[in-house]
Protein chains: 2
Amino acid sequence: MNTVASAAPYHHGDLRRALLDSATAILTETGRWDFSLREVARRAGVSHAASYRHFTDKEALIAAVALTGYETLNTRMTTAIDEATGAVGTLRAIGQAYIGFGVANPALYRLMFGQALPSIEGLPPAVLAVLTEARAVLRGVILAGARAGAFAIDPEDEQEVSVAVVTAWSLVHGFTLLTIDRVVDREVRPQVIDPLAARVAERLIIGLLPTQGRK
Amino acid sequence: MNTVASAAPYHHGDLRRALLDSATAILTETGRWDFSLREVARRAGVSHAASYRHFTDKEALIAAVALTGYETLNTRMTTAIDEATGAVGTLRAIGQAYIGFGVANPALYRLMFGQALPSIEGLPPAVLAVLTEARAVLRGVILAGARAGAFAIDPEDEQEVSVAVVTAWSLVHGFTLLTIDRVVDREVRPQVIDPLAARVAERLIIGLLPTQGRK
DNA sequence: CGCTCAATGTTACCACCGTCAACACACCGC
DNA sequence: GCGGTGTGTTGACGGTGGTAACATTGAGCG
(Lines give C-alpha, C1' and ligand atoms only; values in the text may rest on other atoms or scores of the structure.)
Protein backbone atom coordinates (compact mmCIF):
# COMPACT_ATOMS: atom_id res chain seq x y z
CA MET A 1 0.00 0.00 0.00
CA ASN A 2 1.17 3.45 0.96
CA THR A 3 2.39 6.28 -1.31
CA VAL A 4 -0.17 8.54 -2.92
CA ALA A 5 -3.42 7.77 -1.18
CA SER A 6 -6.32 7.11 -3.46
CA ALA A 7 -7.96 4.34 -1.42
CA ALA A 8 -9.44 5.32 1.94
CA PRO A 9 -7.77 3.79 5.02
CA TYR A 10 -9.51 2.29 8.00
CA HIS A 11 -10.87 4.27 10.87
CA HIS A 12 -10.56 7.90 10.03
CA GLY A 13 -10.93 7.83 6.31
CA ASP A 14 -7.67 9.38 5.16
CA LEU A 15 -5.81 10.61 8.16
CA ARG A 16 -2.57 11.09 6.31
CA ARG A 17 -4.20 13.55 3.96
CA ALA A 18 -6.07 15.18 6.83
CA LEU A 19 -2.84 15.73 8.73
CA LEU A 20 -1.18 17.25 5.69
CA ASP A 21 -4.18 19.51 5.20
CA SER A 22 -4.14 20.61 8.83
CA ALA A 23 -0.45 21.37 8.65
CA THR A 24 -0.87 23.34 5.45
CA ALA A 25 -3.79 25.24 6.92
CA ILE A 26 -1.83 26.22 10.01
CA LEU A 27 1.06 27.17 7.76
CA THR A 28 -0.94 29.53 5.59
CA GLU A 29 -2.97 30.95 8.46
CA THR A 30 -0.18 31.70 10.88
CA GLY A 31 2.67 32.02 8.44
CA ARG A 32 4.83 29.97 10.73
CA TRP A 33 6.29 26.56 10.09
CA ASP A 34 7.30 25.78 13.67
CA PHE A 35 3.87 24.48 14.56
CA SER A 36 3.58 21.55 16.91
CA LEU A 37 2.70 18.08 15.83
CA ARG A 38 0.13 18.00 18.57
CA GLU A 39 -1.60 21.04 17.19
CA VAL A 40 -1.80 19.45 13.78
CA ALA A 41 -3.32 16.34 15.32
CA ARG A 42 -5.72 18.40 17.43
CA ARG A 43 -6.85 20.21 14.33
CA ALA A 44 -7.44 16.96 12.51
CA GLY A 45 -9.57 15.87 15.45
CA VAL A 46 -7.27 13.08 16.37
CA SER A 47 -5.08 12.02 19.26
CA HIS A 48 -1.58 13.47 19.46
CA ALA A 49 0.17 10.20 18.77
CA ALA A 50 -1.87 9.20 15.76
CA SER A 51 0.50 10.97 13.39
CA TYR A 52 3.13 8.37 14.08
CA ARG A 53 1.11 5.80 12.17
CA HIS A 54 1.63 7.87 9.03
CA PHE A 55 4.83 9.83 9.55
CA THR A 56 7.90 8.49 11.27
CA ASP A 57 8.83 11.89 12.47
CA LYS A 58 7.85 15.50 12.74
CA GLU A 59 10.47 16.15 10.11
CA ALA A 60 8.81 13.60 7.87
CA LEU A 61 5.53 15.49 8.12
CA ILE A 62 7.29 18.73 7.27
CA ALA A 63 9.04 17.08 4.37
CA ALA A 64 5.73 15.78 3.08
CA VAL A 65 4.26 19.26 3.20
CA ALA A 66 7.31 20.58 1.41
CA LEU A 67 6.93 17.88 -1.20
CA THR A 68 3.43 19.02 -2.09
CA GLY A 69 4.86 22.50 -2.45
CA TYR A 70 7.59 21.33 -4.81
CA GLU A 71 5.06 19.45 -6.85
CA THR A 72 2.70 22.36 -7.36
CA LEU A 73 5.67 24.61 -8.10
CA ASN A 74 6.81 22.19 -10.77
CA THR A 75 3.33 22.00 -12.20
CA ARG A 76 3.04 25.76 -12.42
CA MET A 77 6.39 26.02 -14.10
CA THR A 78 5.69 23.39 -16.72
CA THR A 79 2.27 24.78 -17.56
CA ALA A 80 3.84 28.22 -17.85
CA ILE A 81 6.36 26.77 -20.26
CA ASP A 82 3.66 25.16 -22.33
CA GLU A 83 1.79 28.41 -22.70
CA ALA A 84 4.82 30.49 -23.62
CA THR A 85 6.50 30.91 -26.98
CA GLY A 86 10.09 31.67 -27.83
CA ALA A 87 13.15 31.18 -25.69
CA VAL A 88 13.02 34.57 -24.02
CA GLY A 89 9.27 34.33 -23.53
CA THR A 90 9.60 30.92 -21.99
CA LEU A 91 12.32 32.06 -19.62
CA ARG A 92 10.19 35.01 -18.62
CA ALA A 93 7.16 32.79 -18.06
CA ILE A 94 9.06 30.32 -15.95
CA GLY A 95 10.45 33.04 -13.74
CA GLN A 96 7.08 34.67 -13.38
CA ALA A 97 5.48 31.39 -12.37
CA TYR A 98 8.23 30.73 -9.86
CA ILE A 99 8.08 34.13 -8.21
CA GLY A 100 4.31 34.12 -8.31
CA PHE A 101 4.18 30.84 -6.46
CA GLY A 102 6.62 31.98 -3.80
CA VAL A 103 4.91 35.29 -3.19
CA ALA A 104 1.48 33.66 -3.08
CA ASN A 105 2.63 31.03 -0.57
CA PRO A 106 5.32 32.71 1.48
CA ALA A 107 5.25 30.41 4.47
CA LEU A 108 5.23 27.31 2.33
CA TYR A 109 8.07 28.66 0.23
CA ARG A 110 10.18 29.38 3.27
CA LEU A 111 9.39 25.96 4.64
CA MET A 112 10.46 24.42 1.34
CA PHE A 113 13.78 26.22 1.15
CA GLY A 114 14.59 27.44 4.61
CA GLN A 115 13.65 24.67 6.92
CA ALA A 116 15.24 22.56 9.59
CA LEU A 117 16.62 20.21 6.96
CA PRO A 118 20.31 20.51 7.71
CA SER A 119 21.19 20.23 4.06
CA ILE A 120 19.77 18.87 0.88
CA GLU A 121 21.20 15.53 1.79
CA GLY A 122 19.03 13.74 4.27
CA LEU A 123 15.93 14.70 2.41
CA PRO A 124 13.48 12.03 1.37
CA PRO A 125 14.33 10.76 -2.12
CA ALA A 126 10.99 11.95 -3.44
CA VAL A 127 11.86 15.52 -2.59
CA LEU A 128 15.27 15.21 -4.17
CA ALA A 129 13.73 13.82 -7.31
CA VAL A 130 11.33 16.73 -7.68
CA LEU A 131 14.11 19.24 -7.11
CA THR A 132 16.30 17.58 -9.68
CA GLU A 133 13.44 17.58 -12.12
CA ALA A 134 12.84 21.29 -11.64
CA ARG A 135 16.46 21.97 -12.37
CA ALA A 136 16.39 19.80 -15.46
CA VAL A 137 13.38 21.70 -16.75
CA LEU A 138 15.13 25.02 -16.36
CA ARG A 139 18.23 23.66 -18.00
CA GLY A 140 16.19 22.40 -20.89
CA VAL A 141 14.69 25.80 -21.47
CA ILE A 142 18.02 27.54 -21.46
CA LEU A 143 19.59 24.88 -23.63
CA ALA A 144 16.83 25.20 -26.18
CA GLY A 145 17.27 28.94 -26.22
CA ALA A 146 20.99 28.58 -26.71
CA ARG A 147 20.51 26.12 -29.54
CA ALA A 148 18.07 28.48 -31.21
CA GLY A 149 20.61 31.26 -30.95
CA ALA A 150 18.37 33.34 -28.73
CA PHE A 151 20.97 33.52 -25.97
CA ALA A 152 24.65 34.30 -26.12
CA ILE A 153 25.46 30.83 -24.83
CA ASP A 154 27.34 28.02 -26.50
CA PRO A 155 24.93 25.08 -26.18
CA GLU A 156 27.88 22.67 -26.36
CA ASP A 157 29.64 24.26 -23.40
CA GLU A 158 28.08 22.47 -20.44
CA GLN A 159 29.71 24.75 -17.93
CA GLU A 160 28.41 27.84 -19.64
CA VAL A 161 24.92 26.40 -19.65
CA SER A 162 25.26 25.51 -15.97
CA VAL A 163 26.32 29.03 -15.15
CA ALA A 164 23.24 30.38 -16.88
CA VAL A 165 21.03 27.94 -15.02
CA VAL A 166 22.51 28.83 -11.67
CA THR A 167 22.32 32.52 -12.45
CA ALA A 168 18.67 32.39 -13.40
CA TRP A 169 17.72 30.24 -10.45
CA SER A 170 19.71 32.37 -8.03
CA LEU A 171 18.11 35.55 -9.24
CA VAL A 172 14.59 34.23 -9.00
CA HIS A 173 15.16 32.45 -5.70
CA GLY A 174 16.79 35.47 -4.13
CA PHE A 175 14.15 37.86 -5.39
CA THR A 176 11.39 35.66 -4.08
CA LEU A 177 12.92 35.39 -0.65
CA LEU A 178 13.76 39.06 -0.37
CA THR A 179 10.21 39.88 -1.36
CA ILE A 180 8.72 37.41 1.08
CA ASP A 181 10.88 38.70 3.88
CA ARG A 182 9.99 42.26 2.97
CA VAL A 183 13.65 43.12 2.72
CA VAL A 184 13.20 44.37 -0.79
CA ASP A 185 10.77 47.17 -0.32
CA ARG A 186 8.93 47.32 2.90
CA GLU A 187 6.29 49.69 1.59
CA VAL A 188 5.75 47.72 -1.58
CA ARG A 189 2.24 46.57 -2.41
CA PRO A 190 1.38 43.31 -4.11
CA GLN A 191 0.47 45.17 -7.29
CA VAL A 192 3.98 46.53 -7.48
CA ILE A 193 5.73 43.21 -7.17
CA ASP A 194 4.89 41.97 -10.61
CA PRO A 195 6.33 44.91 -12.54
CA LEU A 196 9.33 44.95 -10.25
CA ALA A 197 9.93 41.28 -10.84
CA ALA A 198 9.57 41.82 -14.55
CA ARG A 199 12.15 44.58 -14.58
CA VAL A 200 14.53 42.54 -12.45
CA ALA A 201 14.14 39.60 -14.78
CA GLU A 202 14.76 41.89 -17.73
CA ARG A 203 18.17 42.75 -16.31
CA LEU A 204 19.11 39.10 -16.43
CA ILE A 205 17.69 38.58 -19.87
CA ILE A 206 19.66 41.50 -21.23
CA GLY A 207 22.76 39.78 -19.95
CA LEU A 208 21.83 36.64 -21.82
CA LEU A 209 20.93 38.16 -25.16
CA PRO A 210 23.38 38.08 -28.02
CA THR A 211 24.85 41.47 -28.80
CA GLN A 212 22.78 42.12 -31.87
CA GLY A 213 19.60 41.47 -29.92
CA ARG A 214 20.14 44.27 -27.43
CA LYS A 215 18.38 47.56 -27.77
CA MET B 1 39.74 37.45 29.72
CA ASN B 2 40.29 41.01 28.75
CA THR B 3 38.96 44.32 29.95
CA VAL B 4 35.55 45.15 28.64
CA ALA B 5 34.84 48.28 26.72
CA SER B 6 31.54 49.59 28.02
CA ALA B 7 29.60 47.94 30.84
CA ALA B 8 30.78 44.84 32.65
CA PRO B 9 27.95 43.15 34.56
CA TYR B 10 28.16 41.86 38.06
CA HIS B 11 28.74 38.26 38.97
CA HIS B 12 29.80 36.40 35.91
CA GLY B 13 31.86 39.07 34.27
CA ASP B 14 30.07 39.43 31.00
CA LEU B 15 27.38 36.82 30.78
CA ARG B 16 25.63 38.47 27.88
CA ARG B 17 28.69 38.14 25.75
CA ALA B 18 29.31 34.62 27.02
CA LEU B 19 25.81 33.57 26.02
CA LEU B 20 26.23 35.05 22.57
CA ASP B 21 29.52 33.24 22.21
CA SER B 22 28.01 29.94 23.28
CA ALA B 23 25.16 30.33 20.86
CA THR B 24 27.51 31.18 18.03
CA ALA B 25 29.72 28.25 18.87
CA ILE B 26 26.81 25.81 18.84
CA LEU B 27 25.68 27.35 15.60
CA THR B 28 28.97 26.88 13.79
CA GLU B 29 29.66 23.46 15.29
CA THR B 30 26.32 21.83 14.69
CA GLY B 31 25.14 23.92 11.78
CA ARG B 32 21.71 24.13 13.34
CA TRP B 33 19.99 27.22 14.63
CA ASP B 34 17.23 25.46 16.56
CA PHE B 35 19.40 24.99 19.62
CA SER B 36 17.81 25.27 23.04
CA LEU B 37 18.29 28.17 25.37
CA ARG B 38 19.13 25.69 28.06
CA GLU B 39 21.97 24.25 26.05
CA VAL B 40 23.39 27.70 25.51
CA ALA B 41 23.20 28.37 29.23
CA ARG B 42 24.70 24.99 30.05
CA ARG B 43 27.57 25.72 27.73
CA ALA B 44 28.16 29.06 29.37
CA GLY B 45 28.30 27.26 32.73
CA VAL B 46 25.23 28.97 34.00
CA SER B 47 21.73 28.14 35.11
CA HIS B 48 19.10 27.93 32.42
CA ALA B 49 17.12 30.89 33.67
CA ALA B 50 20.07 33.25 33.83
CA SER B 51 19.63 34.14 30.16
CA TYR B 52 16.45 35.96 30.99
CA ARG B 53 18.41 38.61 32.82
CA HIS B 54 20.02 39.56 29.51
CA PHE B 55 17.54 38.56 26.83
CA THR B 56 13.81 38.91 27.15
CA ASP B 57 13.24 35.96 24.93
CA LYS B 58 14.79 33.14 23.02
CA GLU B 59 13.99 35.13 19.93
CA ALA B 60 15.86 38.08 21.37
CA LEU B 61 18.97 35.94 21.77
CA ILE B 62 18.65 34.74 18.20
CA ALA B 63 18.17 38.27 16.99
CA ALA B 64 21.28 39.35 18.87
CA VAL B 65 23.29 36.60 17.19
CA ALA B 66 21.89 37.64 13.84
CA LEU B 67 22.84 41.21 14.58
CA THR B 68 26.49 40.31 15.02
CA GLY B 69 26.26 38.52 11.70
CA TYR B 70 24.82 41.55 9.96
CA GLU B 71 27.53 43.71 11.43
CA THR B 72 30.43 41.57 10.28
CA LEU B 73 28.79 41.22 6.87
CA ASN B 74 28.56 44.98 6.63
CA THR B 75 32.15 45.35 7.69
CA ARG B 76 33.36 42.88 5.09
CA MET B 77 31.40 44.64 2.41
CA THR B 78 32.66 48.10 3.23
CA THR B 79 36.28 47.00 3.45
CA ALA B 80 35.87 45.22 0.14
CA ILE B 81 34.56 48.44 -1.33
CA ASP B 82 37.48 50.39 0.03
CA GLU B 83 39.99 48.04 -1.53
CA ALA B 84 38.32 47.93 -4.93
CA THR B 85 38.62 50.38 -7.79
CA GLY B 86 36.17 51.23 -10.52
CA ALA B 87 32.45 50.75 -10.54
CA VAL B 88 32.51 47.26 -11.98
CA GLY B 89 35.38 46.23 -9.76
CA THR B 90 33.58 47.55 -6.70
CA LEU B 91 30.41 45.71 -7.58
CA ARG B 92 32.38 42.54 -8.11
CA ALA B 93 34.18 42.98 -4.79
CA ILE B 94 31.01 43.59 -2.87
CA GLY B 95 29.36 40.52 -4.31
CA GLN B 96 32.41 38.42 -3.63
CA ALA B 97 32.55 39.57 -0.02
CA TYR B 98 28.85 38.86 0.43
CA ILE B 99 28.94 35.37 -1.03
CA GLY B 100 32.18 34.62 0.75
CA PHE B 101 30.65 35.50 4.08
CA GLY B 102 27.57 33.41 3.48
CA VAL B 103 29.46 30.36 2.31
CA ALA B 104 31.94 30.62 5.17
CA ASN B 105 29.18 30.90 7.78
CA PRO B 106 26.30 28.91 6.37
CA ALA B 107 24.38 28.36 9.58
CA LEU B 108 24.74 31.96 10.64
CA TYR B 109 23.65 33.15 7.23
CA ARG B 110 20.55 30.99 7.28
CA LEU B 111 19.78 32.17 10.78
CA MET B 112 20.14 35.76 9.61
CA PHE B 113 17.80 35.40 6.66
CA GLY B 114 15.74 32.30 7.18
CA GLN B 115 14.85 32.13 10.80
CA ALA B 116 11.83 32.17 13.06
CA LEU B 117 11.42 35.89 12.56
CA PRO B 118 8.01 35.92 10.92
CA SER B 119 8.90 38.91 8.82
CA ILE B 120 11.26 41.80 8.79
CA GLU B 121 8.82 43.74 10.89
CA GLY B 122 9.01 42.75 14.50
CA LEU B 123 12.77 42.73 14.38
CA PRO B 124 14.73 44.76 16.88
CA PRO B 125 15.38 48.26 15.53
CA ALA B 126 19.12 47.67 15.63
CA VAL B 127 18.81 44.83 13.16
CA LEU B 128 16.61 46.90 10.89
CA ALA B 129 19.11 49.71 10.97
CA VAL B 130 21.99 47.49 9.91
CA LEU B 131 19.95 45.99 7.10
CA THR B 132 18.96 49.40 5.85
CA GLU B 133 22.56 50.49 5.97
CA ALA B 134 23.68 47.50 3.92
CA ARG B 135 21.13 48.34 1.31
CA ALA B 136 22.18 51.97 1.25
CA VAL B 137 25.78 50.94 0.70
CA LEU B 138 24.87 48.81 -2.28
CA ARG B 139 22.72 51.55 -3.68
CA GLY B 140 25.56 54.01 -3.31
CA VAL B 141 27.89 51.77 -5.27
CA ILE B 142 25.45 51.34 -8.11
CA LEU B 143 24.56 54.99 -8.13
CA ALA B 144 28.21 55.98 -8.34
CA GLY B 145 28.71 53.57 -11.22
CA ALA B 146 25.70 54.98 -13.01
CA ARG B 147 26.93 58.54 -12.54
CA ALA B 148 30.32 57.57 -13.87
CA GLY B 149 28.70 56.08 -16.93
CA ALA B 150 29.99 52.61 -16.14
CA PHE B 151 26.48 51.12 -16.09
CA ALA B 152 23.62 51.53 -18.49
CA ILE B 153 21.53 53.14 -15.78
CA ASP B 154 20.12 56.62 -15.57
CA PRO B 155 21.34 57.86 -12.17
CA GLU B 156 18.39 60.24 -11.98
CA ASP B 157 15.83 57.49 -12.41
CA GLU B 158 15.31 56.27 -8.88
CA GLN B 159 13.23 53.33 -9.96
CA GLU B 160 15.85 52.16 -12.40
CA VAL B 161 18.48 52.35 -9.71
CA SER B 162 16.22 50.45 -7.33
CA VAL B 163 15.72 47.74 -9.89
CA ALA B 164 19.46 47.35 -10.26
CA VAL B 165 19.90 47.20 -6.49
CA VAL B 166 17.22 44.57 -6.09
CA THR B 167 18.59 42.60 -9.01
CA ALA B 168 22.09 42.53 -7.64
CA TRP B 169 21.00 41.69 -4.12
CA SER B 170 18.61 38.99 -5.32
CA LEU B 171 21.26 37.35 -7.41
CA VAL B 172 23.84 37.30 -4.65
CA HIS B 173 21.37 36.29 -1.97
CA GLY B 174 19.90 33.51 -4.05
CA PHE B 175 23.27 32.20 -5.11
CA THR B 176 24.49 32.15 -1.54
CA LEU B 177 21.48 30.26 -0.30
CA LEU B 178 21.46 27.77 -3.14
CA THR B 179 25.12 27.13 -2.51
CA ILE B 180 24.65 26.75 1.22
CA ASP B 181 21.75 24.39 0.73
CA ARG B 182 23.74 22.42 -1.85
CA VAL B 183 20.95 22.84 -4.34
CA VAL B 184 23.30 24.39 -6.83
CA ASP B 185 25.76 21.64 -7.43
CA ARG B 186 25.79 18.84 -5.03
CA GLU B 187 29.17 17.58 -6.13
CA VAL B 188 30.72 21.02 -6.09
CA ARG B 189 33.87 21.56 -4.06
CA PRO B 190 34.70 24.72 -2.17
CA GLN B 191 37.41 25.56 -4.68
CA VAL B 192 34.82 25.57 -7.43
CA ILE B 193 32.45 27.96 -5.73
CA ASP B 194 34.56 31.05 -6.24
CA PRO B 195 34.92 30.75 -10.01
CA LEU B 196 31.30 29.75 -10.31
CA ALA B 197 30.24 32.79 -8.31
CA ALA B 198 32.45 34.95 -10.46
CA ARG B 199 30.90 33.69 -13.66
CA VAL B 200 27.40 34.08 -12.26
CA ALA B 201 28.19 37.63 -11.23
CA GLU B 202 29.60 38.29 -14.68
CA ARG B 203 26.25 37.48 -16.19
CA LEU B 204 24.68 40.23 -14.14
CA ILE B 205 27.44 42.70 -14.89
CA ILE B 206 27.08 42.13 -18.60
CA GLY B 207 23.45 43.07 -18.22
CA LEU B 208 24.44 46.30 -16.53
CA LEU B 209 27.15 47.42 -18.92
CA PRO B 210 26.47 50.03 -21.53
CA THR B 211 26.37 48.61 -25.04
CA GLN B 212 29.77 49.85 -26.11
CA GLY B 213 31.36 48.25 -23.06
CA ARG B 214 30.38 44.73 -24.00
CA LYS B 215 32.81 42.41 -25.61
C1' DC C 1 33.30 50.23 58.13
C1' DG C 2 28.87 48.54 57.68
C1' DC C 3 24.19 48.98 55.58
C1' DT C 4 21.14 48.88 52.11
C1' DC C 5 19.52 47.70 47.75
C1' DA C 6 19.26 46.66 43.15
C1' DA C 7 21.42 43.88 39.72
C1' DT C 8 22.49 39.30 38.85
C1' DG C 9 22.18 34.24 39.23
C1' DT C 10 19.62 29.87 41.18
C1' DT C 11 15.97 26.80 42.37
C1' DA C 12 11.48 25.17 41.75
C1' DC C 13 7.71 24.97 39.08
C1' DC C 14 4.35 25.22 35.04
C1' DA C 15 2.45 23.92 30.60
C1' DC C 16 3.74 22.09 26.50
C1' DC C 17 6.37 19.42 23.22
C1' DG C 18 8.26 15.10 20.53
C1' DT C 19 8.46 10.40 21.01
C1' DC C 20 7.62 5.74 22.64
C1' DA C 21 5.30 1.66 24.55
C1' DA C 22 1.20 -0.51 25.90
C1' DC C 23 -3.39 -0.88 25.10
C1' DA C 24 -8.07 -0.74 22.46
C1' DC C 25 -10.61 -1.12 18.53
C1' DA C 26 -12.29 -2.26 13.87
C1' DC C 27 -12.15 -4.09 9.59
C1' DC C 28 -10.02 -7.81 6.64
C1' DG C 29 -9.70 -12.61 5.00
C1' DC C 30 -10.71 -17.02 6.64
C1' DG D 1 -17.57 -16.51 14.00
C1' DC D 2 -12.34 -15.55 14.57
C1' DG D 3 -7.82 -14.12 14.64
C1' DG D 4 -4.66 -10.61 13.15
C1' DT D 5 -3.00 -6.51 11.51
C1' DG D 6 -3.60 -1.85 10.45
C1' DT D 7 -5.15 2.12 12.91
C1' DG D 8 -6.07 5.26 16.76
C1' DT D 9 -5.73 6.19 22.10
C1' DT D 10 -3.81 6.58 26.63
C1' DG D 11 -0.22 7.45 29.50
C1' DA D 12 4.34 8.21 30.44
C1' DC D 13 9.28 10.09 29.87
C1' DG D 14 12.74 13.57 29.30
C1' DG D 15 13.39 18.00 27.56
C1' DT D 16 11.94 22.82 26.51
C1' DG D 17 10.59 27.98 26.97
C1' DG D 18 9.05 30.91 30.44
C1' DT D 19 7.89 32.72 35.32
C1' DA D 20 8.23 33.53 40.23
C1' DA D 21 10.38 33.22 44.57
C1' DC D 22 14.65 32.99 46.65
C1' DA D 23 19.83 33.63 47.25
C1' DT D 24 23.95 36.28 46.49
C1' DT D 25 26.97 39.91 45.66
C1' DG D 26 28.94 44.10 44.58
C1' DA D 27 28.38 49.31 44.48
C1' DG D 28 27.08 53.42 46.58
C1' DC D 29 26.40 55.93 50.73
C1' DG D 30 26.32 57.03 55.59
Side-chain angles (χ1 to χ4, degrees), chain A residues 1-23 25-27 29-30 32-66 111 115-118 122 124, chain B residues 1 3-23 25-27 29-30 32-66 111 115-118 122-124:
Chain A
M1 58 155 292
N2 79 13
T3 67
V4 203
S6 45
Y10 282 52
H11 302 61
H12 175 281
D14 191 349
L15 183 54
R16 187 190 151 90
R17 168 73 58 188
L19 290 171
L20 284 179
D21 288 348
S22 299
I26 295 174
L27 195 64
E29 284 172 21
T30 70
R32 306 195 51 104
W33 58 86
D34 55 348
F35 48 78
S36 72
L37 218 44
R38 288 166 116 103
E39 190 186 345
V40 175
R42 231 175 280 135
R43 188 146 182 154
V46 122
S47 155
H48 68 270
S51 338
Y52 288 87
R53 301 290 174 195
H54 301 273
F55 302 98
T56 68
D57 230 327
K58 181 183 183 182
E59 199 174 308
L61 206 213
I62 303 252
V65 173
L111 178 144
Q115 200 6 46
L117 332 159
Chain B
M1 65 176 60
T3 57
V4 183
S6 50
Y10 281 50
H11 303 60
H12 175 280
D14 191 349
L15 183 55
R16 188 190 151 89
R17 167 74 58 186
L19 289 171
L20 284 179
D21 289 348
S22 299
I26 295 175
L27 195 64
E29 284 172 22
T30 70
R32 307 196 49 106
W33 59 86
D34 55 348
F35 47 79
S36 72
L37 260 191
R38 288 166 117 100
E39 191 186 345
V40 175
R42 230 175 281 134
R43 188 146 182 154
V46 120
S47 156
H48 70 271
S51 338
Y52 291 88
R53 302 289 175 194
H54 301 274
F55 302 98
T56 68
D57 232 327
K58 182 184 183 181
E59 198 174 307
L61 206 213
I62 303 252
V65 173
L111 179 144
Q115 198 8 39
L117 330 160
L123 282 183

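Just so it is clear: chains get the letters A, B, ... in the order the sequence lines come, proteins before strands, and each one is counted from 1. These numbers come from the heavy atoms of this one structure, side chains and all, not from hydrogens, waters or symmetry mates.
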Exercise. Identify, between B:Arg38 and A:Ala50, the residue whose nearest nucleotide on DNA chain D lies closer to the 5' end.
Key: A:Ala50

Self-check item: side-chain N/O A:His54 vs D:dG8 OP1/OP2, d < 4.0 Å
Solution: yes

Quiz item: Nearest-Å distance, CZ (B:Phe55) to P (D:dG17)?
Solution: 14 Å

Practice problem: Can you tell me the distance, in whole Å, between the CZ atom of A:Arg32 and the P atom of C:dC17? | Solution: 14 Å

Quiz item: Quick one: which of C:dA21, D:dA12, D:dT19 gets closest to the side chain of B:His48?
Solution: D:dT19

Quiz item: B:Ser36 near the nucleic acid: base, sugar-phosphate alone, or nothing, with a heavy-atom cut-off under 4.0 Å?
Solution: sugar-phosphate

Exercise. Mind listing the closest non-hydrogen atom pair of B:Leu37 and B:Tyr52 along with its distance?
Key: CD1-OH, 3.5 Å

Exercise. By nearest nucleotide on DNA chain D, pick out whichever of B:Arg53 and A:Arg53 is the more 5' one.
Key: A:Arg53

Practice problem: Write down the distance between CG (B:Leu19) and C1' (C:dT8), rounded to a whole number of angstrom. | Solution: 12 Å

Quiz item: Between A:Arg42 and C:dC17, does any side-chain N or O lie under 4.0 Å from OP1 or OP2?
Solution: yes

Practice problem: Sort out for me which residue in B:Val40, B:Leu15, B:Val65, B:Asp14 forms a side-chain contact (heavy atoms from CB on, under 4.5 Å) with B:Leu20. | Solution: B:Val65

Quiz item: Which atom pair, heavy atoms only, marks the closest approach of A:Phe35 to A:Arg32?
Solution: CD2-O, 3.7 Å

Quiz item: Once you round it to whole Å, what is the distance between P of D:dG6 and CZ of A:Arg16?
Solution: 16 Å

Self-check item: Where B:Ser51 and B:His48 come nearest, the two heavy atoms and their spacing
Solution: OG-O, 3.5 Å

Practice problem: Please check if atom CZ in A:Arg43 has more than 12 non-hydrogen atoms from other residues, nucleotides or ligands closer than 6.0 Å. | Solution: yes

Quiz item: For the side chain of A:Tyr52, counting heavy atoms from C-beta on, which of C:dA22, C:dG18, C:dT10 is nearest?
Solution: C:dG18

Exercise. For the side chain of B:Leu37, starting at C-beta, report the closest nucleotide among D:dG8, D:dG17, C:dT10.
Key: D:dG17

Quiz item: In whole angstroms, how far is the P atom of D:dG8 from the CG atom of A:Asp14?
Solution: 9 Å

Quiz item: Just how far, in rounded Å, is P of D:dG15 from CG of B:Asp34?
Solution: 17 Å

Quiz item: From the list D:dT10, C:dT10, D:dG8, which nucleotide is the closest neighbour of the side chain of B:Val46?
Solution: C:dT10

Quiz item: For the pair made of CD in A:Glu59 and P in C:dG18, what is the distance, rounded to whole Å?
Solution: 13 Å

